[in-house]
Amino acid sequence: MKTEQTSKKYLTDIHKHHVEWINNLSFYKEDLKTFLNRLEEVTKKNNSSEVLSKVEHFQNQFIIQRNHMDELLHDIKIKEKILVDYAATHPVAIDHVRFDENQELMDRVTQFEKIWKDLRKEYLDFIAKWM
Amino acid sequence: MKLDFNQNTTIGDLKAQFNTQFKHVKLEFYNRSHTARSGSLPVDQVPDHVLLKEFMKEGTAVHAEFEKTIKISDLEKVFEQDFNLHVQVFRHYGNSWLQTTMSDHWTLQMAEMAAEELEELKQTKLND
């Protein structure tokens, strides 16, 4: 049986995490648009098979990672809405109540950020070489 | 996806049939075969006016049906093995076409969707 691991935290702390994750993911999505445009510039300047296959590789990765970003944003917003709804219906001493923070969601965000960081580095090395 | 062709079909006709079903993915034909995950050279590309009889066996008439979920590598292999046609699949990107080598394990449908998504992302940028 699959169980969700949780840790107890104050609502404000969980909310801070959600806001931070949403901001970061939105920022990465903006990065991604710039990255794609730069890739197009690279293809205009270089048409060797080595470069084009790397461009294709980065495009594929960006599409896959963008889908992961959308899934994460969707899931974070659902968790955030649950908190907001709870706070609205239980306003008394809400700051002192501890809530379960979804460890699985936190792990997914952490894992995604690692993958994105590595991909970003690989991409920037490639751009530096071919732009 | 259905394709009908025979020895008197031109390369261009066959490509056009394919593109009635895929807008962001296209086929290009070559004089030489390629191995998996490798590209083909532009110099080996066969022009549109060339008839398939340059490659196919005499008397071959083909009514081929492919699922959109066929892998690019499998599609290329069928053309190679069954019809002696050396094919590469390209994906539309911006103002150009990219030969798929890193995406050979993707399906035609995935390649089409990927090209659409890339286009959508570019449009988002323009609208910002």
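So that the names make sense, note that chain A is the first sequence line, chain B the second, and so on, each numbered from 1.
Counting non-hydrogen atoms of other residues, nucleotides and ligands closer than 6.0 Å to CD of B:E67 gives a total of 12 or fewer. For B:M113, the CE atom sits in a loose shell: 12 or fewer heavy atoms of surrounding residues, nucleotides or ligands are nearer than 6.0 Å. When the shell of 6.0 Å around NE2 of B:H63 is examined, it contains more than 12 heavy atoms from other residues, nucleotides or ligands. Open room surrounds NZ on B:K77; 12 or fewer heavy atoms of other groups in view lie less than 6.0 Å from it. Counting non-hydrogen atoms of neighbouring residues, nucleotides and ligands closer than 6.0 angstrom, the NZ atom of B:K26 exceeds 12 such neighbours.
Criterion: ILVMFWY side-chain heavy atoms under 4.5 Å apart, direct or through other members. Under it, B:F18 and B:Y93 are not part of a common hydrophobic cluster.
Heavy atoms of A:L39 lying under 4.5 Å from chain B belong to its backbone as well as its side chain.
Using a 4.5 Å heavy-atom cut-off against chain B, the contacting residues of residues 45-64 of chain A are A:L52, A:S53, A:V55, A:E56, A:H57, A:Q59, A:N60, A:I63, A:I64.
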